K.L.:
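Pasting a structure here, questions to come.
In this text, all values refer to a predicted model and were calculated from it rather than measured experimentally.
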Amino acid sequence: MTYEEYLNAPEIPEHTEWVNGRVVPMMSVSRKHTELANYLQSVLKVYAESRELGRVVWEPFNMKLGGSLAGRSPDVLFVRTERLGLFRDQFLDGAADLVVEVISPGTERIDRREKFAEYQVGGVPEYWILDPHHEVAEFYLLDAAGVYQGVATPDGEFTSTVVDGLKVRIEWFWTLPRIDKVLLELGLGP
């Protein structure tokens, strides 16, 4: 099945991805996964919109990286304002600037290996892998050679290279503090 056939087939459920010409159902997710993904969607959306930095969308919206690469539905993706032309009605036609995948039991191999390799080859500049079950946050940036390099976070904070001014505390991913307090700390609000 081609990617276009996949997008236009009314019988295909929403929560799927297109991988190697096949429709692959997405695994069910845990409560921790859902809570963290929803939290990030909210924080990033308000932050990006208030600063007019770009658009944040989430699963089941699809991202097609090009060529024979898979059409994936990241948990959260961000596209900078100057690249909003990549949005099509049903998918993002190219690499998002930031992709976040939240691990659930059973998705670790897909997120850490398959998607990692696809996002690297497809040119996603910043990739976060968050594991709420083990409280592990990994941040990867594409280097000049197009290879992901892990970013150390010894102080427990990470500063995004693609979402201007965004500096997150890793503890937020596990404690989910009130969104209004986080936004104030990020410089939004009265």
K.L.:
Side chains of E35 and L176: does their closest heavy-atom pair fall under 4.5 Å?
P.N.:
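They are in side-chain contact.
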
K.L.:
Looking at E52 and R80, is any side-chain nitrogen of the basic one under 4.0 Å from a carboxylate oxygen of the acidic one?
P.N.:
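No salt bridge links R80 with E52.
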
K.L.:
How close do I170 and A137 get, heavy atom to heavy atom, and via which atoms?
P.N.:
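Where I170 meets A137 most closely, the heavy atoms are CG2-CB, 3.8 Å.
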
K.L.:
May I ask you to check whether Y119 and D111 show a side-chain donor-acceptor distance below 3.5 Å?
P.N.:
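Per modelled atom types, Y119 and D111 side chains form no pair under 3.5 Å.
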
K.L.:
Look at the side-chain heavy atoms of Ile, Leu, Val, Met, Phe, Trp and Tyr, link any pair under 4.5 Å apart, and say whether L44 and I179 land in one connected group.
P.N.:
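Linked within one cluster.
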
K.L.:
Please report the closest heavy-atom contact between V56 and A48, naming both atoms and the distance.
P.N.:
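Shortest heavy-atom separation between V56 and A48 comes out as CG2-CB, 4.0 Å.
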
K.L.:
Is the shortest heavy-atom distance from the side chain of V147 to the side chain of L142 under 4.5 Å?
P.N.:
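Of all side-chain heavy-atom pairs linking L142 with V147, none is under 4.5 Å.
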
K.L.:
From T175 OG1 over to R169 CZ, what is the distance, rounded to the nearest 0.5 angstrom?
P.N.:
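Nearest 0.5 Å value for the OG1-CZ distance: 9.5 Å.
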
K.L.:
Is there a path of hydrophobic side-chain contacts, each under 4.5 Å between heavy atoms of I/L/V/M/F/W/Y residues, joining V79 to L40?
P.N.:
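Not linked; separate clusters.
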
K.L.:
P132 and L36: which non-hydrogen atoms are nearest, and at how many Å?
P.N.:
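Between these two residues, the closest heavy atoms are CB-CD2, 4.1 Å.
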
K.L.:
Do K115 and E17 meet the salt-bridge criterion of a basic N to acidic O distance under 4.0 Å?
P.N.:
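K115 and E17: salt-bridged.
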
K.L.:
Hey, do the aromatic rings of F61 and F87 have their centres closer than 6.0 Å?
P.N.:
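Judged by ring-centre distance (under 6.0 Å), F61 and F87 do meet the cut-off.
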
K.L.:
Considering non-hydrogen atoms only, spot the tightest contact between A96 and M63 and give its length.
P.N.:
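Looks like N-SD, 3.4 Å.
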
K.L.:
Does this structure show an ion pair linking E49 with K45, if we count only N-O contacts that are shorter than 4.0 Å?
P.N.:
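Salt bridge flag = yes for K45 with E49.
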
K.L.:
Minimum heavy-atom separation for P177 and V182, please, with both atom names.
P.N.:
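Closest pair (atom of P177, atom of V182, distance): CG-CG2, 3.5 Å.
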
K.L.:
Please answer whether the main-chain N or O of A145 pairs with a side-chain N or O of D143 as donor and acceptor at a distance below 3.5 Å.
P.N.:
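Yes, the answer is positive, given that a donor and an acceptor are paired below the 3.5 Å cut-off.
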
K.L.:
So, Y127 versus F139, ring centres under 6.0 angstrom or not?
P.N.:
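Centroid separation for Y127 and F139: 6.0 Å or greater.
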
K.L.:
One pair to check against side chain to side chain contact (heavy atoms under 4.5 Å, CB included): L98 and T161. What are the steps and the verdict?
P.N.:
CA-CA 9 Å; L98 165 65; T161 62; over 6 Å; no

K.L.:
Quick one: closest heavy-atom pair of G146 and Q120, and the distance?
P.N.:
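Answer, listing the atom of G146 first, then Q120: O-CG, 3.3 Å.
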
K.L.:
Any non-hydrogen side-chain atom of V76 less than 4.5 Å from a side-chain atom of V99?
P.N.:
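Not in contact.
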
K.L.:
Could you tell me whether E101 and R112 have a side-chain N and a carboxylate O separated by less than 4.0 Å?
P.N.:
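No.
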
K.L.:
Tell me whether S50 contacts the main-chain N or O of V46 through its side chain, where contact means a donor paired with an acceptor under 3.5 Å.
P.N.:
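Indeed, once roles are kept as given, a pair shorter than 3.5 Å links the two residues.
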
K.L.:
Assess the residue pair K64 and W18 against the criterion (side chain to side chain contact (heavy atoms under 4.5 Å, CB included)); give the C-alpha distance rounded to whole Å, side-chain angles, the decisive distance to 0.1 Å, and a yes or no.
P.N.:
CA-CA 9 Å; K64 180 67 172 86; W18 181 84; 3.6 Å; yes

K.L.:
Taking C-beta and beyond as the side chain, do V121 and L69 meet within less than 4.5 Å on heavy atoms?
P.N.:
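SC-SC contact between V121 and L69 confirmed.
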
K.L.:
Between Y6 and E4, is there a side-chain donor-acceptor contact under 3.5 Å, judged purely by atom types and distance?
P.N.:
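Judged by distance alone, the side chains do not pair up.
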
K.L.:
Among side-chain atoms of H15 and S73, is any donor-acceptor pair under 3.5 angstrom?
P.N.:
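No, because no side-chain N or O of H15 sits under 3.5 Å from a partner of the opposite role on S73.
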
K.L.:
Is the distance between the ring centroids of W172 and Y39 under 6.0 Å?
P.N.:
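No, the ring of Y39 stays outside the 6.0 Å limit from the ring of W172, centre to centre.
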
K.L.:
Whether K167 engages the ring of F158 as a cation-pi pair (distance to the six-membered ring centre under 6.0 angstrom, angle to the ring normal within 45°) should be assessed.
P.N.:
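No, cation not above the ring by the 6.0 Å, 45° rule.
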
K.L.:
Would you say that V124 contacts R72 through its side chain, given a criterion of any heavy-atom pair below 4.5 Å between the two side chains?
P.N.:
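Not in contact.
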
K.L.:
Please report the C-alpha distance between T159 and L166 in whole Å, then the side-chain angles of each, then the deciding distance to 0.1 Å, and finally whether the side chain to side chain contact (heavy atoms under 4.5 Å, CB included) criterion is met.
P.N.:
CA-CA 6 Å; T159 301; L166 180 67; over 6 Å; no

K.L.:
Check the hydrophobic clustering (I, L, V, M, F, W, Y; side-chain heavy atoms under 4.5 Å; chains of links allowed) and say if M26 and F91 are grouped together.
P.N.:
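M26 and F91: separate clusters.
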
K.L.:
With ring centroids as reference points, do Y148 and F116 lie under 6.0 angstrom apart?
P.N.:
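Ring centroids of Y148 and F116 are less than 6.0 Å from each other.
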
K.L.:
Hey, are D97 and R83 close enough for a salt bridge, meaning a charged N less than 4.0 Å from a carboxylate O?
P.N.:
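Yes.
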
K.L.:
Hey, are the side chains of M1 and I12 touching, using non-hydrogen atoms and a 4.5 Å cut-off?
P.N.:
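Touching, per the 4.5 Å side-chain cut-off.
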
K.L.:
With rounding to the nearest 0.5 Å, note down the distance linking CZ in R88 to CG in N62.
P.N.:
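Result: 13.5 Å between the selected atoms.
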
K.L.:
I would like to know whether L186 and L184 meet side chain to side chain contact (heavy atoms under 4.5 Å, CB included); could you show each step before the answer?
P.N.:
CA-CA 5 Å; L186 291 172; L184 277 173; over 6 Å; no

K.L.:
In terms of hydrophobic clustering (I, L, V, M, F, W, Y; side-chain heavy atoms under 4.5 Å; direct or indirect links), are L188 and L53 co-clustered?
P.N.:
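Yes.
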
K.L.:
Please round to the nearest 0.5 Å and tell me the distance separating atom OG1 of T107 and atom CD of E114.
P.N.:
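Answer for the OG1-CD pair, T107 versus E114, is 11.0 Å.
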
K.L.:
Same cluster for L86 and V100 if Ile/Leu/Val/Met/Phe/Trp/Tyr side chains link at under 4.5 Å?
P.N.:
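No, because L86 and V100 fall into different hydrophobic clusters, even though each may have its own neighbours under 4.5 Å.
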
K.L.:
I want to check something: taking the side chain as every heavy atom from C-beta on, are L92 and L77 in contact at a cut-off of under 4.5 Å?
P.N.:
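When only atoms from C-beta onward are counted, L77 and L92 do touch, with a gap below 4.5 Å.
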
K.L.:
Counting N and O atoms only, with roles assigned by atom type, does the side chain of Y47 sit under 3.5 Å from a partner on the main chain of G165, one being a donor and the other an acceptor?
P.N.:
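Here the side-chain-to-backbone pair exists.
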
K.L.:
Is there side-chain contact between E126 and V162, with heavy atoms separated by less than 4.5 Å?
P.N.:
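The answer is yes; the side chains approach within 4.5 Å.
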
K.L.:
Any donor-acceptor pair under 3.5 Å linking the side chain of D75 with the backbone of V102?
P.N.:
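Looks like yes, one N/O pair under 3.5 Å.
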
K.L.:
Determine whether a donor-acceptor pair (N or O, by modelled atom type, separation under 3.5 Å) exists between the side chain of S104 and the backbone of S30.
P.N.:
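Yes.
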
K.L.:
Ignoring hydrogens and angles, tell me if any N or O in the side chain of E138 forms a donor-acceptor pair with the backbone of I129 under 3.5 Å.
P.N.:
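Not a single qualifying donor-acceptor pair exists.
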
